[in-house]
Amino acid sequence: MTAPLRIAIAGLGTVGGGVIRALELRGVELAARAGRPLEIVAVSARDKSKSRAADVSKFVWHSEAEKLASSNVDVVVELIGGEEGAARALVEAALRAGKHVVTGNKALLARHGTALAALAEKQGRALKFEAAVAGGIPIVKALRESLVAYGVDALRGILNGTCNYILTQMEATGRPFTDVLKDAQALGYAEADPTLDVGGGDTAHKLALLAAVAFGMPPDLEHVALEGIQHITTDDIRFAREFGFRIKLLGIARKTAQGIDQRVEPAMVRAGTPLADVDGAFNAVMADAGPAGHFFFEGWGAGAEPTASAVIADLVDIARGNVGPVFGLPAESLKPLPQAGAGTAPSAYYLRFEVLDLPGVLAEIAGHLAESRVSIESMIQRGRAPGEPVSIVMITHETPRASVERALKVIARSDKVRARPCMIPMEAA
Ligand SMILES: NC(=O)c1ccc[n+]([C@@H]2O[C@H](COP(=O)([O-])OP(=O)(O)OC[C@H]3O[C@@H](n4cnc5c(N)ncnc54)[C@H](OP(=O)(O)O)[C@@H]3O)[C@@H](O)[C@H]2O)c1
């Protein structure tokens, strides 16, 4: 057996702890698969006195993560997190010092992935990030190395377990978003500041990375249209069910005649299809690989063991000499692709209006929709006490997004409309 792969780990929290435990538990089998032992030699975290989920006393301790870059190791594993600060400084320093890097940091790569890929490739080193997208699901490798014969035309993913847990609980219990979010925080499924998750930003980071690998372009966070789940009500979820759909926060990246369309938004997914059936904190990705067909990946998108599984897969690849370009194509040939403007891809839409139960209100809404050439396929109206707001819910025929948005802007100005109209695309899954 050849010399061990010498590893430094920065960040000893959920994922770092999981990686150390798994390497201890499965060291012999992993060495056999990797062709050489995987040996942790140095670690770093903020607080040396903190009790850890794994025994780190036998490793060299560095209080400053960046010091790992100049230590005697082959690979630096960055599990600190954050798009700037210690994580970015360490990854750059490690690559400059000729170390391979493995990271779970989607925020860092979504922002700085192109420059870091160029640096890694200039140095002839790996920069691997399976753990950054969908936890344990091996989707990065699948897109980078497996689904390459015909390329990938579209990706649809449930990439944030917190959002999927909240939407699943809202449906199961009929409780509103704010209550279910509080439960998710108490259970540790949601951060104290949940903005990055529920606002869709975390999904956007992951989507930008998947789109880069699938389409051979630089990660392009700026062109990901973004909407979170904060405005989804239990009424929306109930109405979706009546129409035969479930609401999921999807990250969607697809090639269209007008360019690449990248968006994160709540979408109506037909009940009984694979994406609609993904419940709780699970993640999933549906890849449309042209003539090769559709492929569906599902599994745990977070947690110590699933994420450690992805980190270790990258380490085994590196141990075996599978370095390769970071995003599948050499960094210098990742070319920005034309982006489809909002409203180019037509879709059917679910629309909900909270209106005062007054004569003429339905005719007024229908009139504005007709002016923007939005035609209605079906409608539900639920009455309450006279004078109180009621919900009018419609499903449109396929319509350009811009037409629906134009009509909703006018309708929102009506004094009979109580709240911002809700608009959710119906996704063909
Ligand atoms: N958790 C998951 O399920 C999951 C899934 C996929 C990807 N990821 C990604 O994996 C990375 C790590 O996530 P995590 O959940 O393991 O985070 P975590 O539990 O919060 O752990 C972060 C670790 O980083 C250390 N750290 C923070 N600032 C540091 C600094 N300046 N120098 C050295 N160490 C520092 C902390 O040290 P102390 O312990 O001393 O405070 C802690 O050990 C993130 O990029 C995250 O997005 C996580």
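All values below were derived from every heavy atom in this structure, side-chain atoms included, with hydrogens, water molecules and symmetry-related copies excluded. Just follow the structure's listing: the first ligand is 1, and inside any ligand the first atom is 1.
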What are the atom names and distances for all N or O pairs under 3.5 Å between ligand 1 and the protein?
from	atom 1	to	atom 2	distance (Å)
ligand 1	3 (O)	G303	N	2.6
ligand 1	16 (O)	T14	N	3.2
ligand 1	16 (O)	V15	N	2.9
ligand 1	19 (O)	T14	N	2.9
ligand 1	19 (O)	T14	OG1	3.3
ligand 1	37 (O)	R46	N	3.2
ligand 1	39 (O)	K50	NZ	3.0
ligand 1	39 (O)	R52	NH1	2.6
ligand 1	39 (O)	R52	NH2	3.4
ligand 1	40 (O)	R46	N	3.0
ligand 1	40 (O)	D47	N	2.8
ligand 1	40 (O)	R52	NH2	2.9
ligand 1	41 (O)	R46	NE	3.1
ligand 1	41 (O)	R46	NH2	2.9
ligand 1	41 (O)	K50	NZ	2.9
ligand 1	43 (O)	L12	N	2.8
ligand 1	43 (O)	G13	N	3.1
ligand 1	47 (O)	K106	NZ	3.0

Counterpart residues, salt bridge (charged side-chain N to carboxylate O under 4.0 Å, His left out), relative to E298 (two or more places apart): none
Mutual orientation of the aromatic rings belonging to F239 and Y350 [parallel < 30°, tilted 30-60°, perpendicular > 60°]: tilted
Interatomic spacing from OG1 in T103 to CG in L79 - rounded to 0.5 Å: 6.5 Å
Residues R352 and D236 bridged, charged N to O under 4.0 Å: yes
Salt bridge flag under 4.0 Å for residues K409 and E405: no
Close aromatic pair by centroid cut-off 6.0 Å: F327 and F129: yes
